[in-house]
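Accompanying notes for the structure given below.
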Amino acid sequence: MTKYSLTCINNSQLHGSFAVFQKAPPSTIPGDVFSLAWFARATAPGSRVAFTWGIDYSFVWSETGLLQPGINFSATQTVPADPDRQNLIQLTKDQYSATTFGKQSGGGALGSLTIQQLSNVEPDKTSVGIGMSGSGTFAVQAAPNMTAVFTPHPNYWIVFGNYETGDVMDIQDVTNAVEVTYGGALTSRTAVLDIENLIRIS
């Protein structure tokens, strides 16, 4: 599996965190699909952090209550997923009324990741989504008898601010994010927050 890396350098006077997130592709999912702060690390002025990842997917769910920007999505359960094979899973309650992922199969649309929410899922209590490289990337509010289909298209954006891994982001409010592109043999990039508080990619 190809490994990607992003080195982030804080050459500003600002205190905060670099956060990497992905933007959701157009979706047929009912309700809002929220981007999550996929990776985030506090980075003091004059210091650097590095993020590394591979393209391996997972199903995630979390007991979030109402899913909205400003809360944190911390995965309660993570199950490995493959858009071409094990690409469908069910969210349900077990015999003890505990929410859990149930049966997983290859019965979903090829190239997508499908989460069926069964009739016993309580509204406004949990959220479901997908993750990559062990951390959640997108989430949507779970509801009974709903199906969420995510078609992953990895893209990477870097922003500096007050973030923690798993924060639910309002992409409309994020103004200073910069896209980081990879391609071909290019698997390593550097992002520098400069003295003017702008992020530059090299």
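T137 contributes atom OG1, which lies 15.0 Å from atom NZ of K23 (distance to the nearest 0.5 angstrom). Between N120 atom CG and L91 atom CG the span is 8.0 Å, to the nearest 0.5 Å. Here the straight-line distance linking atom CD of Q22 with atom CH2 of W157 works out to 12.0 Å at 0.5 Å rounding.
In this structure, I171 is not a member of the same hydrophobic cluster as I158, with clusters built from ILVMFWY side-chain heavy atoms closer than 4.5 Å. In the hydrophobic clustering of ILVMFWY residues, with side-chain heavy atoms under 4.5 Å counting as a link, I130 and Y4 come out together. Residues V79 and F73 are members of separate hydrophobic clusters, defined by side-chain heavy-atom contacts under 4.5 angstrom among Ile, Leu, Val, Met, Phe, Trp and Tyr. Hydrophobic clustering (ILVMFWY, side-chain heavy atoms < 4.5 Å, transitive): V20 and V33 are in one cluster.
Ion pairing between a basic and an acidic side chain is recognised when a charged N comes within 4.0 Å of a carboxylate O; E122 and K93 show such pairing.
Between W38 and S133, the closest side-chain pair of non-hydrogen atoms falls below 4.5 Å. Two residues are said to be in side-chain contact when any heavy atoms from C-beta on lie closer than 4.5 Å; F18 and F51 meet this criterion.
Evaluation of the side-chain hydrogen bond (donor to acceptor under 3.5 Å, both in side chains) test over residues 69-87, restricted to residues two or more places apart or in two chains, returns W61-Q77, N72-D167, Q77-T100, D82-R85.
In summary, the aromatic rings of Y182 and W53 are positioned with their centroids under 6.0 Å apart.
For R189, the CZ atom counts as densely surrounded, since its 6.0 Å shell holds more than 12 non-hydrogen atoms of other residues, nucleotides or ligands. Counting heavy-atom neighbours within 6.0 Å of E179 CD, excluding the residue itself, gives a total above 12.
For the residue pair S62/S127, the side-chain donor-acceptor check at 3.5 Å is not satisfied. Counting only N and O atoms by type, the side chains of S112 and T151 include a donor and acceptor under 3.5 Å apart.
Judged purely by atom type and a 3.5 angstrom limit, D170 has no side-chain atom pairing as donor or acceptor with the backbone of P69. Side chain of D32 to main chain of F34: no donor-acceptor pair is present (N/O by atom type, distance under 3.5 Å, no hydrogens or angles).
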